[in-house]
Chemist: 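My structure is below; once you've seen it, I'll send some questions.
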Amino acid sequence: MDRPLSGPTARASGHRRRLLGVVATAFATLVAIVLIPTGAAAGSTAPSPLTAQQWHSSMAQLATPAKGCYTASYPALAWQATGCTTAPATPFVPKAAGAAAGPHLPAVARGSSPAGATAAGHGTAGATPYVVGNGIDFSAGVSGVLNGATGSFATVSGVTSETGGGVANSYSLQLNSAPFTSPVCAGHPGCQGWEQFIFSNPGTGPSSAFIQFWILNYAATCPAGWWTYSVHCYRNGSAVTVPSQPIANLASLSLSGNVTSALDTVVMSTGGGTLSASTADSTLSLAAAWNAVEFMIGGNGGGSMATFNPGSTLTVRTVTHNGTTAAPTCLTQGYTGETNNLNLVGTPAYGPGTSPSMQSVQSNILTSPPSCAAAHGTGDTHLETFGGTYYDFQAEGTFTLARSSAMTVQNNQVSGAPLGWPGAAVNSGVATQMGADKVAVCAARGLVVNGTPTSLGSGGTITLASGDRIVRTGSQYVVTDPQGDSMTATVNPGYVDVFVGLGSYPQPVVGLLANAPGTNDKLRTSTGAVLSIPVDFKTLYSVYGDSWRVPDSESLVAVCGDKTQAADPSAPFWADQLPKDVQAKALQICQKDGVRDATLLEACTLDVGVLGEVAATEFVGEPAPVNVAFSEDTQDGRTSAGPAAGLSTR
């Protein structure tokens with residue numbers, strides 16, 4: 001089930017109305033659908049005028065009369081012909097060859113080899129994670145085909161300057177299709193079409209919007225009228241002149257691309273009540289095959305970079321138009337060779353409705369690694385699913401956390417007795433299998449790659465023959481595959497925290513970190529039984545948890561060498577069972593760190609009491625769970641007298 005927009009990415013404007021009319025007779029429908037407010041009386045003769053926002057959304061989807069260049073001014077719902085200009089000959093290049101082997105992996109900065117790194121294939125010190133561009137991005141996919149898409153910036157924070165090649169305000173906005181099968185490739189093996197809707201802002205002189213068409217991997221003399229770039233061919237449609245846009249205007253800019261079987265159109269909105277459009281022949285037949293789109297800001301062509309000032313954060317919004325109200329699918333991949341100096345961070349938010357959308361964050365303030373959906377198992381042991389269901393899980397043994405078609409992740413939970421808390425359970429190790437590769441991270445043994453203990457210094461990288469990659473930063477190991485799936489393991493004294501990321505979402509995934517298919521408020525056993533939440537203590541362990549136990553013969557974590565027993569707890573272990581002085585101090589630490597949600601506050605208090613103050617870091621800035629399956633605030637039949645003073649309950 002798609003999760004609704006939440007958090008900072010939810011502050012975009014409400015649903016925009018779309019226009020499907022493309023000829024003059026559609027204006028009557030346009031007035032009825034867009035101009036008349038919801039709930040207006042049937043006999044109303046004075047509809048309210050469109051707001052500027054409604055007008056921009058409507059015009060971006062209104063077909064131009066024919067091939068050529070056009071402008072529009074608010075509030076008139078009509079395109080006016082204007083003269084075209086010549087688009088710049090600069091290629092806005094595809095991602096580099098080889099980027100497809102690992103587009104989601106941390107980019108490695110220049111520098112010297114890390115001390116203590118002994119494994120073959122290491123990168124260099126000072127890795128900069130997930131710099132946007134050249135294959136690293138979130139793209140929006142749809143079932144069926146797109147007839148259009150719109151990119152904009154829901155929020156812009158901290159941006160005061162941008163340069164490209166040393167020139168202020170030099171950048172491009174791009175709506176890029178995924179490479180697709182095109183009839184122009186007939187007879188050329190490996191050839192694909194690729195189309196870009198571009199706003200080029202050189203920083204000096206006028207800007208323009210145009211379409212750039214590509215024949216990828218043509219590997220022959222390009223057809224007449226096409227330029228050659230490596231083994232590719234490209235050409236431009238006509239360009240429409242657009243006033244130059246300083247980076248300070250970024251929040252008011254939007255770029256749309258619309259396609260039909262005959263004509264493709266780029267529409268540029270600069271705010272202030274004006275739009276510009278250029279329509280070209282449907283050279284590559286994109287309308288028959290457009291199923292994924294990337295919206296990004298990058299350098300102004302040639303694989304260049306747009307460099308933002310420190311402290312910059314963008315919330316990128318991509319709206320898809322494919323005749324449905326379903327939220328788009330997230331794909332951890334990009335298609336263009338241009339870049340910026342912002343990092344892809346966190347997980348996108350998905351919005352179904354009349355304007356289905358995906359919103360994601362790019363920032364040079366580093367936070368969490370990017371994935372289309374994330375789940376985790378932290379501390380003593382708290383699990384949160386990809387759908388946002390939170391629950392405590394203190395059984396011992398080896399379990400399947402997540403299993404998809406491309407990745408399996410397992411953990412080994414052991415008693416907290418060595419830490420002084422026999423009622424607790426922690427991860428002694430976690431492991432993943434991605435394709436043929438098996439990688440384990442153990443609290444006691446460290447990194448084990450395909451059965452071999454492996455040394456990897458902080459800042460080092462191991463690239464495996466499959467394209468899977470392992471990157472270490474301090475005590476954190478990130479394992480990624482070419483599809484964008486990831487396992488992040490953080491080694492703490494005596495235990496390991498694990499985060500699991502999916503390279504596409506939604507997708508079929510099962511395990512302790514997955515909800516029942518199509519839901520975010522139910523759990524599913526390994527045999528397919530669906531459980532409503534909250535669940536009781538016995539069902540959680542004897543039915544649900546035991547179903548996800550892994551036999552010793554199938555364990556990926558056995559290489560850690562930990563003694564493992566399969567055991568369910570005899571009773572829950574809650575924060576209010578801590579000694580009162582320990583509990584009070586732990587509670588104070590969590591509250592000081594800004595933990596407010598009842599479930600998270602209880603979990604944080606328990607973890608700090610059991611594992612120490614460092615455990616609170618996992619809760620700083622953590623959003624409230626979507627729902628709770630089993631925790632101190634869902635259970636009435638606890639073994640103690642009740643919640644401690646100062647702990648809120650639901």
Side-chain angles (χ1 to χ4, degrees), residues 102 105-106 108 112-127 129 369 376-378 381 396-403 406-416 418-419 425-482 485-501 550-565 611 614:
L105 306 176
V108 181
S112 59
S113 296
T118 60
H122 289 165
T124 54
H376 62 75
T378 59
T381 300
E396 297 175 47
T398 301
F399 298 90
T400 296
L401 289 178
R403 186 174 67 242
M407 170 182 65
T408 296
V409 179
Q410 297 175 1
N411 69 330
N412 187 58
Q413 294 195 179
V414 298
S415 170
L419 302 171
V426 295
N427 291 330
S428 66
V430 296
T432 183
Q433 179 168 357
M434 298 175 175
D437 293 320
K438 299 178 181 179
V439 180
V441 179
C442 317
R445 200 178 183 189
L447 178 67
V448 181
V449 181
N450 291 324
T452 302
T454 304
S455 176
L456 181 63
S458 181
T461 300
I462 299 173
T463 302
L464 302 174
S466 62
D468 296 339
R469 189 175 294 186
I470 308 163
V471 177
R472 180 182 176 186
T473 304
S475 63
Q476 184 180 86
Y477 297 81
V478 181
V479 188
T480 50
D481 70 8
D485 301 308
S486 65
M487 182 191 79
T488 301
T490 303
V491 181
N492 304 287
Y495 70 101
V496 180
D497 288 330
V498 61
F499 286 75
V500 182
V550 177
D552 292 344
S553 60
E554 299 176 13
S555 173
L556 302 174
V557 201
V559 294
C560 289
D562 300 312
K563 292 183 179 180
T564 303
Q565 65 172 355
L611 303 172
V614 67

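Computation of the quantities below employed the complete heavy-atom set of this structure, encompassing side-chain atoms and omitting hydrogens, waters and symmetry-equivalent molecules.
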Chemist: So, do R469 and T461 sit near enough that their side-chain heavy atoms are less than 4.5 Å apart?
Modeler: yes

Chemist: Using every non-hydrogen atom in the two residues, find where D485 and A406 come nearest and quote the distance to one decimal.
Modeler: OD2-CB, 3.5 Å

Chemist: Would I462 and L447 count as a side-chain contact (heavy atoms from CB on, under 4.5 Å) here? Give the steps.
Modeler: CA-CA 11 Å; I462 299 173; L447 178 67; 4.3 Å; yes

Chemist: Mind checking whether L464 and V449 have side chains closer than 4.5 Å, heavy atoms only?
Modeler: yes

Chemist: For T490 and F499, run side-chain contact (heavy atoms from CB on, under 4.5 Å): C-alpha distance rounded to whole Å, both residues' side-chain angles, the deciding distance at 0.1 Å, then the answer.
Modeler: CA-CA 9 Å; T490 303; F499 286 75; 5.5 Å; no

Chemist: So, for V496 and A443, which heavy atoms are closest and what is the spacing to 0.1 Å?
Modeler: CG2-N, 3.6 Å

Chemist: Could you walk me through whether V557 and N411 satisfy the side-chain contact (heavy atoms from CB on, under 4.5 Å) test, starting with their C-alpha distance in whole Å, then the side-chain angles of each, then the deciding distance to 0.1 Å, before giving a yes or no?
Modeler: CA-CA 7 Å; V557 201; N411 69 330; 5.7 Å; no

Chemist: With no hydrogens and no angle check, do the side chains of T408 and R403 hold a donor and an acceptor under 3.5 Å apart?
Modeler: no

Chemist: Closer than 3.5 angstrom, by distance alone: can the side chain of R445 be matched with the main-chain N or O of P453 as a donor-acceptor pair?
Modeler: no

Chemist: Distance check, rounded to the nearest 0.5 Å: S486 atom OG versus M434 atom CE?
Modeler: 6.5 Å

Chemist: Hey, could you give me the CD/OG1 distance between E396 and T381, rounded to the nearest 0.5 Å?
Modeler: 10.0 Å

Chemist: Tell me which one of N427, V448, V430 satisfies side chain to side chain contact (heavy atoms under 4.5 Å, CB included) with C442.
Modeler: V448

Chemist: Please name the pair of heavy atoms, one in D562 and one in S428, separated by the smallest distance, quoted to 0.1 Å.
Modeler: OD2-OG, 2.9 Å

Chemist: Do M407 and V500 have side chains that get closer than 4.5 Å, going by heavy atoms?
Modeler: yes

Chemist: For F399 and V550, work out which heavy atoms get closest and say how close.
Modeler: C-CG2, 3.6 Å

Chemist: Starting at CG of D497, measure out to NE2 of H376 and round the result to the nearest 0.5 Å.
Modeler: 9.5 Å

Chemist: What distance do Q433 atom CD and K438 atom NZ have between them, rounded to the nearest 0.5 Å?
Modeler: 5.0 Å

Chemist: Say whether, by atom type as modelled, one donor and one acceptor occur between the side chain of T454 and the main chain of T452 under 3.5 angstrom.
Modeler: yes

Chemist: Quick one: closest heavy-atom pair of S458 and G474, and the distance?
Modeler: OG-N, 2.7 Å

Chemist: Mind checking the OG1-CG spacing from T473 to L456? Nearest 0.5 Å is all I need.
Modeler: 9.0 Å

Chemist: Evaluate the side-chain contact (heavy atoms from CB on, under 4.5 Å) criterion for residues D437 and N450: first the C-alpha distance (whole Å), next the side-chain angles of each, then the deciding distance (0.1 Å), finally the verdict.
Modeler: CA-CA 6 Å; D437 293 320; N450 291 324; 3.3 Å; yes

Chemist: Taking all heavy atoms of P482 and all of S466, pick out the closest pair and write down the distance.
Modeler: CG-O, 3.9 Å

Chemist: Say you draw a straight line from CG of L556 to OG1 of T398; how long is it, rounded to the nearest 0.5 Å?
Modeler: 9.5 Å

Chemist: Decide yes or no for N492 and L611: does some side-chain heavy atom of the first lie under 4.5 Å from some side-chain heavy atom of the second?
Modeler: no

